[in-house]
Number of protein chains: 2
Amino acid sequence: MVKSIPENTLRRLPQYLMVLKTLRAEGNYYVSSSDIAEAMQLNTVLVRKDLALVSHENGKPNQGRELSTIIKDIEAFLGYNTINEAVIVGVGMLGRALLSYQGFKEYGIDIILGFDENAEHPYTVNKTPIYHHKTMRNLIKRMHIQIGIIAVPKKVAQQVCDELIASGIKAIWNFAPVNLEVPREVYVHNENMAESLALIASKLKERS
Amino acid sequence: MVKSIPENTLRRLPQYLMVLKTLRAEGNYYVSSSDIAEAMQLNTVLVRKDLALVSHENGKPNQGRELSTIIKDIEAFLGYNTINEAVIVGVGMLGRALLSYQGFKEYGIDIILGFDENAEHPYTVNKTPIYHHKTMRNLIKRMHIQIGIIAVPKKVAQQVCDELIASGIKAIWNFAPVNLEVPREVYVHNENMAESLALIASKLKERS
DNA sequence: TAGATTGTTAATCGATTAACAATC
DNA sequence: TAGATTGTTAATCGATTAACAATC
């Protein structure tokens, strides 16, 4: 009974979560689909359908949904309860920023190791140990880590990607501005700054 | 004749650009829609339609498109030639990472100022001057800057957002995990790590 | 000429929205 | 009870894909 969920819904879920948590922090116990729809500028039916997909309890007519229940349901659905272990490759400015970000665990991901080609001697960034590149394949394999974060310059991104896959990595979060070539079974999520900038610039032009 | 372009196409454009530039670097002069489609795992017709939306020259049967022409067309469309000025608010780890990233200008954005509440005395990060928060409104107004980047902790994000809008900012690139409330005419683009993680975790689960 | 590739028209698919009966 | 809100079925809308004639 693993319902396959539309990608757009998946994108909205974390946003629902943010809105719902804000409402809860403001002292509310129940929420209606129109409350959420208004905060997020969405259609109420869309909200109801999305929530129906992830929760097993129905909302109550004339009352809405219990905030804490729906929050728990979304978190469970997104896997925020089962922590996935990840490694990061590349500990430059961006890598450090990601390592310093305290909030990832909250989202079900824990960066337990970092690798960098300049790490002649192991060191730590924000308590995460950083090892030399050359130990990467071995360590990832032994620890059965599934998620790899690529935060290296674009020239070496494909190469790092290949190594990660050879080490058994199943999902890649790519911050390098390149189109990585991977086998079908590996999932790549591009954190593409260029894509964001494209959207921003175009909306700005559109509205002026 | 400002064609309104589907958002999905807009998202794909920077990726086309990456693929096309790689091909050019490999010494190619022409590209066919099937080459691109294969590299990006898309349908060839989709590629042709996307490219048709942004280029004014037609492709040539039995030959494809001239690489340099289509690259130029996409770049022009995405506004990479007209540089937009931006400010960044919050110069912590993330803010520094963004300021250190050399590549933004290439994408038509130039972060010309930063603001931080700890900047008692102005300083620079990677040659960008950082001023104290309190001078923000004044400076942004005088310089007619349109894009604001929010890289502050989530508790103060909404407040910073309000100030940016009061200063005349028209587009916001938000890295804080909150749903910002803004007037309709302001465009917000959320760089939502939680959203990315949601997609990654779910794909990982789906495939196991 | 034959073949590869194009752009376009029509068909399909999926996501969003509208309409509405059910119910706390 | 009346009203607000729900979930569901049908309609709409838009994006993707299939089919195909045109052409270098």
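Note that this is a predicted model, so its numbers are computed, not measured. A note on names: the letters A, B, ... follow the listed sequences, proteins ahead of strands, and every chain is numbered from 1.
Under the 30°/60° scheme for interplanar angles, the aromatic rings of A/Tyr187 and A/His189 are found to be tilted.
Using a 4.0 Å cut-off, some side-chain N or O of B/Arg12 falls inside it from OP1 or OP2 of D/dT16.
What separates NZ of B/Lys60 from P of C/dG3 is a distance of 23 Å, to the nearest Å. Straight-line distance from the CG atom of A/Leu46 to the P atom of D/dC13: 16 Å, rounded to whole Å. One interatomic measurement links the two molecules: CZ of B/Arg65 to P of C/dG7, which rounds to 5 Å at whole-angstrom precision. Between the CG atom of B/Asn58 and the P atom of C/dT6 there is a distance of 11 Å, given to the nearest Å. Rounded to a whole Å, the CG atom of A/Asp35 is 12 Å from the C1' atom of D/dA4. One atom, CG of A/Asn43, and another, P of D/dT6, lie 12 Å apart when rounded to the nearest Å. In this entry the distance linking NZ of A/Lys49 with C1' of D/dT6 reads 13 Å, nearest Å. D/dA15 atom C1' lies 12 Å from atom CG of B/Leu53, rounded to whole Å.
The pair A/Glu75-A/Lys21 counts as a salt bridge, with a side-chain nitrogen and a carboxylate oxygen less than 4.0 angstrom apart. Under the 4.0 Å criterion applied to side-chain N and carboxylate O atoms, B/Lys72 and B/Glu57 are not assigned as salt-bridge partners. Remark: B/Arg12 does not engage B/Glu7 in a salt bridge, criterion side-chain N to carboxylate O under 4.0 Å.
Counting only distance, with no hydrogens or angles, the side chain of B/Gln146 and the backbone of B/Ala171 share no donor-acceptor pair below 3.5 Å.
The residue B/Thr44 sits apart from the nucleic acid: no heavy atom pair falls under 4.0 Å. Looking at heavy-atom distances under 4.0 Å, B/Ser34 makes no contact with the nucleic acid at all.
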- Dot-bracket pairing map - DNA chain C, Watson-Crick plus G-U, both contacts under 3.5 Å, | cross-strand: ..||||||||||||||||||||||
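Taking the nucleotide of DNA chain C with the nearest heavy atom to each of A/Arg48 and A/Asn8, the more 5' of the two is matched to A/Asn8.
Considering only side-chain atoms of B/Asn62, the nucleotide from C/dG3, D/dT6, D/dA15 that sits closest is C/dG3. The listed nucleotides are D/dT5, D/dT23, C/dT17; the one nearest the side chain of A/Ser32 is D/dT5.
The ring of A/Tyr107 has its center no closer than 6.0 angstrom to the ring center of A/Trp173.
For the pair A/Asp50/A/Tyr16, a side-chain contact is recorded, criterion being any heavy-atom separation below 4.5 Å from C-beta on.
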